[in-house]
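These numbers come from a predicted model, not from an experiment.
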Amino acid sequence: MVTKERIEKLIAKNSAELKAYKDYLNENYVYYFGWVAEKIFKLEWKNNVLNTLLSIFNDGDNKNAVESVERLRERYRIELTTQSLMTSSTNALTNLASLWVCECKQDLIADLS
């Protein structure tokens, strides 16, 4: 079962990685952007979802929070098995971001198990 503490640990781990990657960008943005942009995108996306879940836990109803996590995991499973991995956009970056979001959903399903 997912707990508030587990979500806080995931956020802390992601935030530490984000800080390291952003430090690289501060050193030499042009060089490191190509190497860390994907990681930064994914960590920010996952932290956004995790912070939303954490706010549900912080509201005090632990049973509701656990049910919310289970509903989210199930929704992600359905989306990953029924939707296209990429959007049909003519913008290549939009399609790439869509693929990264799918990978984030896979990671979160595993992390929240």
Side-chain angles (χ1 to χ4, degrees):
M1 175 180 8
V2 175
T3 62
K4 178 181 176 182
E5 292 77 22
R6 173 77 175 136
I7 292 174
E8 288 172 335
K9 286 179 184 178
L10 289 169
I11 291 170
K13 177 182 166 278
N14 289 348
S15 296
E17 284 185 57
L18 269 170
K19 183 187 177 319
Y21 288 129
K22 288 180 179 180
D23 288 345
Y24 286 137
L25 290 179
N26 288 335
E27 287 178 27
N28 186 339
Y29 186 86
V30 173
Y31 176 76
Y32 285 108
F33 181 77
W35 297 104
V36 299
E38 176 183 358
K39 279 295 212 180
I40 289 173
F41 177 91
K42 288 179 177 180
L43 290 168
E44 289 282 3
W45 195 93
K46 288 190 274 188
N47 264 3
N48 187 25
V49 172
L50 291 170
N51 279 316
T52 301
L53 292 175
L54 184 59
S55 70
I56 295 170
F57 273 97
N58 287 336
D59 287 342
D61 185 1
N62 200 23
K63 182 181 177 191
N64 182 39
V66 171
E67 289 172 356
S68 294
V69 170
E70 289 304 315
R71 282 193 307 271
L72 178 74
R73 288 178 59 224
E74 186 59 28
R75 189 179 93 210
Y76 284 172
R77 279 190 198 107
I78 291 168
E79 288 174 3
L80 289 169
T81 57
T82 60
Q83 294 178 346
S84 173
L85 291 178
M86 294 207 270
T87 62
S88 58
S89 175
T90 57
N91 183 325
L93 288 178
T94 301
N95 289 325
L96 184 58
S98 176
L99 180 62
W100 288 349
V101 167
C102 288
E103 291 173 2
C104 289
K105 289 177 182 179
Q106 290 174 327
D107 291 345
L108 285 173
I109 289 170
D111 289 344
L112 297 173
S113 294

Asker: Let me confirm one number: the OG1-CZ distance from T3 to F57, rounded to the nearest 0.5 Å.
Answerer: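 So the gap between those two atoms works out to 6.5 Å.
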
Asker: So, using side chain to side chain contact (heavy atoms under 4.5 Å, CB included) as the criterion, who are the partners of S15 when residues are at least two apart?
Answerer: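 Side chain to side chain contact (heavy atoms under 4.5 Å, CB included) check on S15 returns I11, N47.
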
Asker: Listed by chain and number, what are the side chain to side chain donor-acceptor pair (under 3.5 Å) partners of S113, not counting sequence neighbours?
Answerer: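 Counting only residues at least two positions away or on another chain, S113 forms a side chain to side chain donor-acceptor pair (under 3.5 Å) with R73.
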
Asker: Find out whether L108 and L72 are in side-chain contact, i.e. whether some heavy atom of one side chain is under 4.5 Å from a heavy atom of the other.
Answerer: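 L108 does not reach L72 side chain to side chain.
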
Asker: Using the side chain to side chain donor-acceptor pair (under 3.5 Å) criterion, which residues pair with S68? Sequence neighbours excluded.
Answerer: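 Per chain and number, S68 pairs via side chain to side chain donor-acceptor pair (under 3.5 Å) with R71.
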
Asker: Between D111 and L50, is there a side-chain heavy-atom distance shorter than 4.5 Å?
Answerer: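 No, their side chains stay 4.5 Å or more apart.
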
Asker: Ignoring hydrogens and angles, write down the donor-acceptor pairs under 3.5 Å from the side chains of residues 33-42, residues two or more places apart or on other chains.
Answerer:
{"unit_1": "E38", "atom_1": "OE2", "unit_2": "K42", "atom_2": "NZ", "d": "2.7"}
{"unit_1": "K42", "atom_1": "NZ", "unit_2": "E103", "atom_2": "OE1", "d": "2.3"}

Asker: If you apply the rule salt bridge (charged side-chain N to carboxylate O under 4.0 Å, His left out), what do you find for R75 with E79, and how did you get there?
Answerer: CA-CA 6 Å; R75 189 179 93 210; E79 288 174 3; 3.2 Å; yes

Asker: Would W45 end up clustered with L25 when hydrophobic side chains under 4.5 Å apart are linked, directly or stepwise?
Answerer: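 No, it is not one cluster - the side chains of W45 and L25 are not joined through contacts under 4.5 Å.
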
Asker: W100, Y32: one ILVMFWY side-chain cluster at the under-4.5 Å cut-off?
Answerer: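 Different clusters: W100 never reaches Y32 through Ile, Leu, Val, Met, Phe, Trp or Tyr contacts under 4.5 Å.
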
Asker: Not counting sequence neighbours, which residues clear ring-ring contact (aromatic ring centres under 6.0 Å, His included) with Y21? List them please.
Answerer: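 Per chain and number, Y21 pairs via ring-ring contact (aromatic ring centres under 6.0 Å, His included) with no residue.
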
Asker: Decide, yes or no, whether a salt bridge links K13 with E17 under the criterion of side-chain N to carboxylate O below 4.0 Å.
Answerer: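 Yes, this pair counts.
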
Asker: Give, for atom CG of L43 and atom NZ of K19, the distance between the pair rounded to the nearest 0.5 Å.
Answerer: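 Between atom CG of L43 and atom NZ of K19 there are 14.0 Å.
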
Asker: Would a 4.5 Å heavy-atom cut-off, applied to side chains only, mark I56 and V69 as touching?
Answerer: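 No, side chains not in contact.
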
Asker: Given side-chain contact (heavy atoms from CB on, under 4.5 Å), test L53 with L112 step by step and report yes or no.
Answerer: CA-CA 11 Å; L53 292 175; L112 297 173; 3.8 Å; yes

Asker: Within a radius of less than 6.0 Å around OH of Y24, do more than 12 heavy atoms belonging to other residues, nucleotides or ligands occur?
Answerer: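 No - once you tally the heavy atoms of other residues, nucleotides and ligands closer than 6.0 Å, there are 12 at most.
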
Asker: Can you list every salt bridge (charged side-chain N to carboxylate O under 4.0 Å, His left out) pair that touches residues 46-57, not counting sequence neighbours?
Answerer: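 Found K46-D107.
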
Asker: Check whether any side-chain heavy atom of V49 lies under 4.5 Å from a side-chain heavy atom of Y76, and answer yes or no.
Answerer: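 Side chain of V49 against side chain of Y76, heavy atoms only: contact under 4.5 Å found.
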
Asker: For I78 and T82, work out which heavy atoms get closest and say how close.
Answerer: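 Closest approach of I78 to T82, heavy atoms only: O-OG1, 2.7 Å.
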
